[in-house]
Amino acid sequence: MTVSITQRDADALGGSDSILMRQRRDHARLDTMISRCRAEDVGDDELDDLWQDIVQLVFSHAFAEETVLWPILRRVTPGGEDLTRRVEEEHQAINELIARVERSPGDPRRATWIQQAFALIRQDIRDEEDELLPHLRDALDDRTLRRIGAAWEAVRATAPTRPHPGVPRRPPGNALRGVPLSVFDRLRDLAPGTGPLARRVSLTITGAVVAVGAVVLLVRSARRRTRA
Ligand SMILES: [Fe+2]
Ligand SMILES: [Fe+2]
């Protein structure tokens with residue numbers, strides 16, 4: 001029987017740098033921001049900032065899952081195919097809802113779509129913490145969980161930060177089409193006057209290429225381990 005990672009401490013999850021603890025921290029941040037968005041005393045400016053932060057975190061987090069985590073889960077877990085397909089469908093639905101919200105600023109259905117997106121994000125968190133991530137804990141040792149954590153973090157740091165419902169949810173299509181889009185997303189995210197633009201863009205491109213290379217090596221090594 002799988003035990004939710006919410007019920008285990010950091011030592012049991014491979015330490016604070018493991019993929020499981022990194023996932024839990026992001027999920028907790030998302031949950032806190034969603035609760036704040038729903039608070040009665042939240043102002044319009046704060047709501048706008050929260051929405052941007054949620055969108056950026058949701059898509060970079062999910063892209064790194066689709067690129068790094070779910071291919072490994074499919075290799076190490078019987079039933080991984082069905083489990084990952086379910087969360088990929090949730091990611092796709094979140095992409096479509098948020099894309100609709102962003103391109104329809106005056107639509108009266110916007111508030112409903114936002115609440116639907118929040119509900120799906122929370123459902124995705126529950127599915128991952130209660131079902132998918134415990135399988136990684138069962139299949140992999142602490143050192144591997146930390147190595148996957150570092151690779152996931154590297155990809156997340158250079159991943160797309162906006163909805164792209166037309167991009168495939170699986171490698172290699174997601175990396176081939178998503179990585180170039182991340183450059184444009186991060187250009188849009190840049191606040192004016194925060195630093196030399198060209199340098200930040202070139203750092204993003206370099207980081208994305210390095211991160212995808214690291215992931216290819218990691219998935220190959222996980223494949224070798226499961227064959228051994
Ligand atoms: Fe997650
Ligand atoms: Fe997810």
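Values reported hereafter were calculated over all heavy atoms of this structure, with side chains retained and with hydrogens, waters and symmetry mates removed. Counting starts at 1 for both ligands and their atoms, following the listed order.
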Parallel, tilted or perpendicular, as decided by the 30° and 60° cut-offs, for the rings of Phe118 and Trp51: tilted

State plainly whether one hydrophobic cluster holds both Ile125 and Phe59, where clusters connect Ile, Leu, Val, Met, Phe, Trp and Tyr through side-chain heavy atoms under 4.5 angstrom apart. yes

When you measure from the Fe ion (ligand 1) to each N, O or S atom of Glu128, which atom gives the shortest distance? OE1

Closer than 2.8 Å to the Fe ion (ligand 2), do we get an N, O or S atom from Asp127, backbone or side chain? no

Donor-acceptor pair, distance only, cut-off 3.5 Å: does the side chain of Arg25 make one with the backbone of Ser16? yes

Separation between CZ of Arg8 and CG of Leu133, rounded to the nearest 0.5 Å: 10.5 Å

CG on Leu50 to CZ on Arg36, rounded to 0.5 Å: 7.5 Å

Please find the N/O/S atom of Glu65 nearest to the Fe ion (ligand 2) and write down its name. OE1

Vertex the Fe ion (ligand 1): angle to OE1 of Gln23 and NE2 of His61, to 10°? 90°

To make sure I understand the geometry: which N, O or S atom in Asp124 is closest to the Fe ion (ligand 2)? OD2

